[in-house]
Amino acid sequence: MTRAATDLTLKMAREVLGVSSAATPGEVRRAFREAAKRAHPDTGGDDRAFRQVVEAYERLQDPLDERLFQTPARRRPTPEPELEISPRIAMEGGEVDHRMPDGRLIRIDLPAGLRPGDKVRAGGGELCVYIRAQEGVIVRGNDVWMSVKVSPITMKRGGRVAVETPFGRRIVWIDRKVGERGLVRLEGQGLPARGKRPRGHMFLRLAAAASVADSAALALLRRFAAAWAA
């Protein structure tokens with residue numbers, strides 16, 4: 001099957017599933033199952049986020065296509081040492097514990113605003129920053145992406161809503177167009193500016209929160225479908 005030009009890169013796919021480049025196939029499968037459960041629409045997730053999780057898993061199943069045109073001189077003999085951090089550390093900075101390739105456990109005090117691929121000197125060596133997905137939060141370049149739930153009425157009619165994020169409460173104004181698109185951009189609320197990198201934005205994927213009545217009706221429909229198929 002021919003891949004579209006907009007497909008996820010290997011690095012983006014790993015960020016979606018929250019795995020590192022050293023993850024084993026078993027670890028990738030486990031990460032996929034957990035991410036798919038969180039994002040699946042039947043469990044209150046977001047359809048677009050679920051499709052992205054599936055696409056990321058499929059991308060990691062066939063990683064060779066990006067290496068086909070690499071000459072031996074361009075291949076690295078060993079993986080580049082990575083420093084794995086959470087989106088919160090990338091946003092706010094702070095201390096992290098890291099085990100060096102030689103087995104030493106060191107503590108590193110990191111500044112706010114680190115981006116994927118940034119280099120950090122620590123323990124006498126240089127580490128490449130990798131930001132894992134956590135609590136449904138993904139870092140892409142300067143920006144932070146996450147899914148939030150709002151009431152179906154607000155999605156349809158619009159209005160002012162307070163949404164809880166891992167970085168605190170955000171006040172969001174939703175109009176009909178935003179509700180249909182299912183995406184809100186909060187200007188300047190992504191990663192803080194650092195060096196030549198500008199301040200990023202926060203993107204919220206909006207998902208309608210199922211009401212109690214909706215959940216009961218869906219459960220009844222599933223029972224009916226199961227009885228009909230029996």
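- Under a cut-off of 6.0 angstrom, the local environment of CZ in R157 is sparse, with at most 12 non-hydrogen atoms contributed by other residues, nucleotides or ligands.
- Of the residues V144, V137, I138, L191, the one that meets the side chain to side chain contact (heavy atoms under 4.5 Å, CB included) test with P87 is V137.
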Next item on the list: Verify salt bridge (Lys or Arg N to Asp or Glu O under 4.0 Å) between K177 and D175, making sure each step is shown before the conclusion.
Entry: CA-CA 6 Å; K177 183 179 294 186; D175 58 26; over 6 Å; no
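- Within the 4.5 Å cutoff, the side chain of W145 has no heavy atoms near those of the L204 side chain.
- When each of L183, I174, V163 is checked for a side chain to side chain contact (heavy atoms under 4.5 Å, CB included) with L206, only I174 meets the rule.
- In the model, R115 has a side-chain atom that pairs as donor or acceptor with a side-chain atom of N142 under 3.5 Å.
- Look at R194 and D118 and you find a salt bridge, because one of the NZ, NE, NH1 or NH2 atoms lies within 4.0 Å of a carboxylate O, short of that distance.
- The main-chain N or O of G188 is found under 3.5 Å from a side-chain atom of H201 such that the two form a donor-acceptor pair.
- Within the 3.5 Å criterion, the main-chain N or O of S20 finds no donor-acceptor partner in the side chain of R132.
- I89 CD1 to Q134 CD: the interatomic distance, rounded to the nearest 0.5 Å, is 9.5 Å.
- Distance check, rounded to the nearest 0.5 Å: CG of L114 to CD1 of I85 gives 5.0 Å.
- Counting heavy atoms from C-beta on, the side chains of F50 and R38 never come closer than 4.5 Å.
- The pair R29-E27 fails the salt-bridge criterion, with no side-chain N (NZ, NE, NH1 or NH2) lying under 4.0 Å from an Asp/Glu carboxylate O.
- With contacts defined as side-chain heavy-atom distances shorter than 4.5 Å, the pair R107/V96 does not qualify.
- In this structure, the side chains of F203 and D143 come closer than 4.5 Å at one or more pairs of heavy atoms.
- If you take CZ on R199 and CD on E187, they are separated by 11.0 Å, rounding to the nearest 0.5 Å.
- Using a 4.5 Å cut-off on side-chain heavy atoms (C-beta onward), M91 and M202 make contact.
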